[in-house]
Amino acid sequence: MDHYAVIGHPIGHSKSPLIHRLFAEQTGQTLEYEAILSPLDGFAETLQTFFSVSAAKGVNVTVPFKEQAFEWVDSLSPAARQAGAVNTIVRRSNGEYLGDNTDGMGLVLDLRNKNAPLTDAHVMVVGAGGAARGVLLPLYEAGVRRFSVVNRTLTKAKALAQVIPDAQFNGFDYSAGELEVLRPDIIINATSLSLSAQVPPLPLSVYQNAAIAYDMVYQSDPTVFMNTALANGTGAAYDGLGMLVGQAAYSFFLWRGVHPDITPVLSQLRSML
Ligand code: ATR
């Protein structure tokens, strides 16, 4: 039986084993998927041990090892190269290890399922860390043509312009006066502020005309960012559970060649939060 795993530190709370078990049931695939806690200073050894058996075909990589996985693999997909991080490793039949990054595709898949207006859209991305970086190119490829990136550290926001040179791109910090007049179609919170119940200090006017506010974080209740957006005119607000299931669906496709339907899996996970 083919064998897969998610590797991280910590890993106990990972939903990936459940998600992949549900995908396997849904698509009639037979596989084994486990969660592995790697020592912080032993990621390469953990990978070597896992791949020492021929049944081991691939892994998901999560915090804090995505950048180390980027260095470890033999080759990189365009998405992984652009993101500077690998969340999926595929062991190819020739024995080489391919690193891919499905986080951005997972977000796009979830946004599409929610009928988000992506074509020619103006997207505001809040935050400029790895999570923000990884979604820019997939959003551009899905039709987004204007990006406003807002971040505490202005230089990091502006540096992301190089990721999508053909798009209209502006980087801001929270004090920029121009923010008052921006009316993005979609606002994505790529900071982790919601985990401490904080909202990014944006002018409330940015929420006014938005169709969707999307928080990459998920919790059992709507986040403060979601509530702030809804209270200030945004049409709908979602958390990042769908992105989690979406990135897993693309990993599953890379390994198994089958696209699972994320909708029933997302409903099941939601009911368990
Ligand atoms: P990730 O890989 O998950 O994106 P990260 O690279 O640490 O994590 O990025 C976290 C993001 O949250 C960054 O945009 C960070 O802003 P800076 O680039 O200025 O550090 C943002 N962030 C974290 N704490 C914040 C805070 N208290 N106020 C505003 N932004 C914050």
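Because the structure is a prediction, the values reported are computed rather than measured. Start at 1 and go down the list; that is how both ligands and their atoms are numbered.
- The side-chain hydrogen bond (donor to acceptor under 3.5 Å, both in side chains) pairs that include a residue from residues 258-269 are Asp261-Thr263, where partners are two or more places apart or lie in different chains.
- The salt bridge (charged side-chain N to carboxylate O under 4.0 Å, His left out) search around Asp215 returns none, not counting sequence neighbours.
- With hydrogens and angles ignored, the 3.5 Å screen pairs no side-chain donor or acceptor of Gln26 with any backbone N or O of Val265.
- The ring-ring contact (aromatic ring centres under 6.0 Å, His included) contacts involving residues 74-127 comprise Phe51-Tyr97, Trp72-Tyr97, where partners must be two or more places apart or lie in separate chains.
- If you look at ligand 1, the protein residues with a non-hydrogen atom under 4.0 Å away are Gly127, Ala128, Gly129, Gly130, Ala131, Asn151, Arg152, Thr153, Lys156, Thr191, Leu193.
- At most 12 non-hydrogen atoms from other residues, nucleotides or ligands lie less than 6.0 angstrom from NZ of Lys158.
- No cation-pi contact links Arg146 to Phe169, judged by a cut-off of 6.0 Å to the six-membered ring centre and 45° from its axis.
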